[in-house]
Amino acid sequence: LLSVGMTHSAKFAVAPELEAAFTKAEKGARFLKVSIVNETYTLVSETAVTSTAAADFDKLKADLDEKTPLFVLFKEKAWGEKPWVLIAYIPDSAPVQERMTYSTGIGGLKEALGDDQFSAVKRFAEPKEWSWENYKGFSSTNSPKPYSKLELAQQELDKAEQEARKERETTPKAASGFHTVSYPFTQEAESAVSALKSGSSNWIQLTLDDAEKNMTSKVSKQVSAGQISSEVDPNNACFYVYKPDTGASYLLVYSCPEGCPAKQRMVYSTSKAATADKLKELGLAVKKLDIRAPGDLTSEAVRTAMSSSSAGMFKPSDSPGAGRGPVVGGASYSSTGGRQFDNRQFDTSKPVFNRPGFGKPADDGNNANLPAKKPKTTASVPSALRVMTGGKAPPKGVVLPPEGAYQ
């Protein structure tokens with residue numbers, strides 16, 4: 001049992017039945033059971049007071065399922081301020097996606113029903129933990145200190161990684177600090193990839209199946225370069241793989257529209273790197289492009305992504321788009337109106353005054369990372385050493401930059 005400090009929350013809609021039951025709950029109500037159905041907080045059942053709070057609490061244990069998360073609104077006090085306690089029952093054996101959904105939905109439910117109605121938020125992870133003693137034990141003055149927000153976030157990521165290993169027999173990988181989850185490819189998905197490799201199609205769509213357990217494909221076709229943006233779903237997150245007319249590489253497009261459901265954003269973003277790895281395993285060398293709207297998938301955005309020298313990290317691109325703009329792997333970037341530098345120019349082993357943007361640039365504009373040249377003569381440009389010391393050695397303990405360093 002944990003006392004919960006929220007790390008982040010997802011806000012779902014509240015079903016009218018739940019809102020009405022919570023508003024009208026009087027002295028006779030003890031529990032309201034709530035689940036998340038189609039991204040909506042939904043009333044499962046209402047339980048009346050039958051005995052003491054302790055006895056009623058222990059009776060509820062029989063209704064818990066080892067693999068089904070549940071919110072329990074527990075009315076511990078019949079009256080007074082903040083009579084409710086929000087209990088998040090999220091078993092460790094529940095599917096990873098459901099655990100993530102319920103974990104991020106705790107704060108949203110509390111906020112939707114009114115923060116001033118709840119005196120505490122508690123969490124149980126196993127049916128055997130469900131007891132009045134455990135419940136009250138974390139309300140005593142000798143109770144352990146609640147985990148910090150950072151600790152709770154790390155716990156959630158670690159548990160998600162363990163569940164992914166067990167359920168899908170895959171190994172989640174850490175990419176730039178973010179955990180990833182792999183979904184096995186169905187036969188349809190692998191057949192679509194084979195069609196890409198053979199040239200019988202140049203565009204496929206990869207989506208999770210209805211059970212959200214596997215990656216499948218329902219679209220495999222030939223499209224012209226000018227039609228690819230019209231093939232993007234404007235409402236739902238999705239992966240697309242496109243083979244341009246030129247070059248040997250393929251383009252993996254991750255589309256995440258602004259208005260798509262929160263659960264989709266979470267699921268597809270955590271599986272993005274693993275999907276790219278699976279495509280590589282199947283024989284496709286892919287570059288990556290991240291878009292927020294169909295209009296982001298422009299010809300220029302495709303060219304920029306395909307010409308990128310890196311297919312690893314997603315970095316900002318100055319390519320225009322209808323959404324926030326596409327994000328491509330390995331793109332250079334620059335500030336508005338400024339001079340553009342490639343990331344590889346920044347050599348941290350060199351002193352600051354010899355990095356791009358410092359010192360006098362070479363005439364061809366391609367050697368900004370070379371040390372600035374010293375003047376041919378020192379008579380016309382007095383150095384700091386000669387000015388400050390009159391040509392003599394500097395006082396003991398004084399260190400001056402080498403002559404010509406700032407020319």
Side-chain angles (χ1 to χ4, degrees), residues 8-16 35-42 95-98 100-102 104-105 108-109 112 178 180-181 183 185-186 188-189 192-193 196 201-242 250-276 278-279 286 288-302 305 314 317 319-328:
H8 58 285
S9 63
K11 295 181 180 180
F12 301 119
V14 178
S35 63
I36 299 176
V37 180
N38 296 327
E39 298 195 358
T40 302
Y41 298 113
T42 305
V96 177
Q97 295 172 23
E98 291 188 21
M100 296 174 69
T101 299
Y102 276 78
T104 57
L109 177 59
F178 295 97
T180 67
V181 177
Y183 293 95
F185 275 36
T186 63
E188 291 80 4
V193 172
L196 271 177
S201 69
N202 67 347
W203 175 272
I204 67 172
Q205 180 188 58
L206 296 175
T207 58
L208 289 176
D209 58 15
D210 294 337
E212 296 188 341
K213 296 291 185 181
N214 302 286
M215 192 69 69
T216 188
S217 177
K218 297 180 180 179
V219 176
S220 177
K221 60 195 301 187
Q222 286 282 352
V223 297
S224 65
Q227 294 176 329
I228 55 175
S229 62
S230 64
E231 297 292 330
V232 177
D233 188 334
N235 302 313
N236 296 290
C238 194
F239 294 122
Y240 303 93
V241 186
Y242 174 56
Y250 297 79
L251 182 64
L252 172 60
V253 179
Y254 166 50
S255 175
C256 183
E258 295 288 348
C260 75
K263 183 178 179 180
Q264 281 191 11
R265 292 196 299 271
M266 181 166 48
V267 169
Y268 279 86
S269 64
T270 56
S271 63
K272 179 169 54 178
T275 300
K278 181 62 176 178
L279 291 171
V286 298
K288 303 173 186 176
L289 178 64
D290 201 7
I291 65 174
R292 294 291 180 269
D296 290 339
L297 194 56
T298 62
S299 298
E300 183 175 350
V302 172
F314 290 90
S317 168
S319 300
R324 294 181 180 176
V327 182
V328 300

(message) Is it true that S230 and Q227 share a donor-acceptor pair across their side chains at a distance under 3.5 Å?
(response)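 No, no side-chain donor-acceptor contact under 3.5 Å.
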
Which atom names give the shortest non-hydrogen contact between [X] and [Y], and what distance separates them?
X    : Y    : answer
C260 : A237 : CB-N, 4.0 Å
A112 : V14  : CB-CG2, 3.5 Å
C256 : R265 : SG-CG, 3.4 Å
K221 : V219 : CD-CG1, 3.6 Å
K272 : L252 : O-CD2, 4.4 Å
S217 : L206 : CB-CD2, 4.0 Å

(message) The criterion is ring pair (Phe, Tyr, Trp, His ring centres under 6.0 Å); which residues satisfy it with Y240, sequence neighbours excluded?
(response)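 If we apply the ring pair (Phe, Tyr, Trp, His ring centres under 6.0 Å) test to Y240, skipping adjacent residues, the hits are W203.
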
How many angstroms lie between [atom1] in [X] and [atom2] in [Y], if you round to the nearest 0.5 Å?
X    : Y    : atom1 : atom2 : result
I204 : L196 : CD1   : CG    : 4.5 Å
S271 : K278 : OG    : NZ    : 14.0 Å
E98  : E212 : CD    : CD    : 9.5 Å
L109 : I36  : CG    : CD1   : 8.0 Å
Q97  : L208 : CD    : CG    : 6.5 Å

(message) With a 3.5 Å distance limit and no angle check, can you tell me whether N202 reaches the backbone of V223 through a side-chain donor-acceptor pair?
(response)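 Here the side-chain-to-backbone pair exists.
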
(request) Without swapping roles, check the side chain of Y41 against the backbone of G105 for a donor-acceptor pair under 3.5 Å. (result)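 Yes, because the side chain of Y41 sits within donor-acceptor range (under 3.5 Å) of the backbone of G105.
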
Do [X] and [Y] have side chains that get closer than 4.5 Å, going by heavy atoms?
X    : Y    : value
E188 : S220 : no
L279 : Y250 : no
P234 : P294 : yes
E231 : L297 : no
F12  : T40  : no
T207 : C238 : yes

(message) I'd like to know whether T275 forms a side-chain contact (heavy atoms from CB on, under 4.5 Å) with F185, so could you lay out the CA-CA distance, the side-chain angles of the two residues, the decisive distance to 0.1 Å, and finally the verdict.
(response) CA-CA 9 Å; T275 300; F185 275 36; 4.2 Å; yes

(request) Report the C-alpha distance between I228 and V302 in whole Å, list the side-chain angles of each, state the deciding distance to 0.1 Å, and finish with yes or no for side-chain contact (heavy atoms from CB on, under 4.5 Å). (result) CA-CA 10 Å; I228 55 175; V302 172; 4.0 Å; yes

(request) Apply side-chain contact (heavy atoms from CB on, under 4.5 Å) to T186 and M215, showing your working. (result) CA-CA 6 Å; T186 63; M215 192 69 69; over 6 Å; no

